[in-house]
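Working notes for the structure below.
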Amino acid sequence: MPELPDVENFRRKVERCCSNLTISDIVIADPASFEGSPTDARRRLDGRRLDRVQRHGKYLFLDFGEGNVIVMHFGPAGSLAAIKPGEEQPAYVRVRLDFSNGEQLAYINRRRIGRVRLVNSVDSFLSEMKIGPDVLDPAFDLARFRACLAGRNRAVKLILTDQTRMGGIGNTYSDEILFHARINPATEAGALDARGSNRLFRSMQTVLRTAVDLDPTTDGFRERLPARFLMPNRHPGGHCPRCGTELRQMKLASHTSTYCPHCQPVPSPPC
DNA sequence: TTAAGTGTTGCTCT
DNA sequence: AAGAGCAACACTTA
């Protein structure tokens, strides 16, 4: 379920493996996973060199220069693999970039939710899609974070996961962040006081940076997580790693939210 | 065996 | 007009 920490590690992988390589072919194994014309893509990309790899929210951008940017979105089940010459092809490769040195970059997606497309620029794509600021961008500071929450009567969790307000957080990490900040997912966003919104902002940065550093795209991620993380305990019947209380589930906008009823009490309604 | 659960985006409906 | 609800997808669990 690639959210910001996963996609950031995909970005680093591509930067490590594919920087400055030249495209020799683009293989669209599943046309439904590619938006646009394969012929046009091949014509535009053939012989181009990978200049820059960027991430914004959950989106990954491979910039080949002169208005040729590949955008990848991974949905709930997508991933990325660098394949060396002679190495076996992984399952569910939907789109593959072949480079002139024999290296391949495979966009993998078991379920076909998520897409690869070719766009003219990162900025025009983001504004067209109405994607909000990346949550780990230094420009996205406490004041801007608070502006996203202010005056909203929606559940705070729905603001955290609203990509048009802020980009990068999905269901799993929003639960983790709210657990870290000890805030109930259903708390009205606008009802958070200054201390609460500050705590939530700090928790967002701490949780996401920790996950990025531990690299969720490699084996053993769960075992490397700090003992007080919610993630390894999210299964039904799991217990709070902080106080031992049995965790509870609630549905918010048809998504499962896991929380600790003791550490994240439902805010008492105003009298 | 069938049905529900999983999570993201994008659509429709209000 | 913001927000709710569901469809798409494919595979797993009850």
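Computed from a predicted model, the values in this text were never measured in an experiment. Per chain, numbering begins at 1; letters A, B, ... match sequence-line order.
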Q.
Less than 4.0 angstrom from a charged side-chain N to a carboxylate O is my criterion; do A/R152 and A/E188 meet it?
A. no
Q: Look at the side-chain N and O atoms of A/Y92 and state whether any lies under 4.0 Å from the OP1 or OP2 oxygen of C/dA10.
A: no
Q) If you pin A/S254 and A/D162 to their nearest nucleotides in DNA chain C, which one's is more 5'? A) A/D162
Q. Do the charged groups of A/R12 and A/E15 touch, with an N to O distance under 4.0 Å?
A. no
Q: Look at A/T256 and B/dG5 and indicate whether a side-chain polar atom (N or O) is within less than 4.0 Å of OP1 or OP2.
A: no
Q | Residues clustering with A/I108 (ILVMFWY side chains joined when closer than 4.5 Å, directly or via others) | A | A/Y92, A/V93
Q: Consider the side chain of A/R110, meaning its heavy atoms from C-beta on, and name the nucleotide among B/dT6, C/dA10, C/dA2 that approaches it most closely.
A: C/dA10
Q) Touch check for A/R154, heavy atoms < 4.0 angstrom, all strands: base, sugar-phosphate only, or nothing? A) sugar-phosphate
Q. Expressed in angstrom and rounded to an integer, what is the separation of A/L158 atom CG from C/dG5 atom P?
A. 11 Å
(Q) For a quick test of reading the model: is some side-chain N or O of A/K251 closer than 4.0 Å to OP1 or OP2 of B/dT6? (A) yes
Q. Do the rings of A/F145 and A/F140 sit parallel, tilted or perpendicular, given the 30° and 60° boundaries?
A. perpendicular
Q.
Walk along nucleotides 9-14 of chain B from 5' to 3' and tag each nucleotide B, S or - by protein heavy-atom contact under 4.0 Å, base first, then sugar-phosphate.
A. SS----
Q) What nucleic acid atoms does A/E3 come within less than 4.0 Å of, heavy atoms only: base, sugar-phosphate, or nothing? A) sugar-phosphate
Q) Nearest-Å distance, CZ (A/R112) to P (B/dT6)? A) 23 Å
Q | Between C1' of C/dA10 and CD1 of A/I108, the distance in whole Å | A | 16 Å
(Q) For A/R49, I'd like to know if atom CZ has over 12 heavy atoms of other residues, nucleotides or ligands within 6.0 Å. (A) yes
Q. Does any residue of residues 168-180 of chain A have a heavy atom under 4.0 Å from DNA chain B, and if so, which ones, in number order?
A. A/G170, A/N171
Q) CG of A/N153 versus P of C/dA1: gap in Å, rounded? A) 17 Å
Q: Following the transitive rule for hydrophobic clusters with a side-chain heavy-atom cut-off under 4.5 Å over Ile, Leu, Val, Met, Phe, Trp and Tyr, establish whether A/V212 and A/M231 coincide in one cluster.
A: yes
Q. How are the rings of A/Y59 and A/F125 set to each other: parallel, tilted or perpendicular (split at 30° and 60°)?
A. perpendicular
Q) Quick one: A/L252 CG to C/dC6 P, roughly how many Å, whole number? A) 15 Å
(Q) Side chains of A/N171 and A/K157 only: does a donor on one sit below 3.5 Å from an acceptor on the other? (A) yes
Q: Send over the distance from A/F74 CZ to C/dA8 C1', rounded to a whole Å.
A: 19 Å
(Q) Using 30° and 60° as the class boundaries, would you call the ring planes of A/F10 and A/F74 parallel, tilted or perpendicular? (A) tilted
Q) Does A/R111 put a side-chain nitrogen or oxygen below 4.0 Å from OP1 or OP2 of C/dA8? A) no
Q) Just how far, in rounded Å, is P of B/dG7 from CE of A/M1? A) 7 Å
Q: Would you indicate what A/R152 reaches in the nucleic acid, counting non-hydrogen atoms under 4.0 angstrom: base, sugar-phosphate, or nothing?
A: sugar-phosphate
(Q) Among A/V69, A/L118, A/I23, A/V14, which residue satisfies the side chain to side chain contact (heavy atoms under 4.5 Å, CB included) criterion with A/L62? (A) A/V14
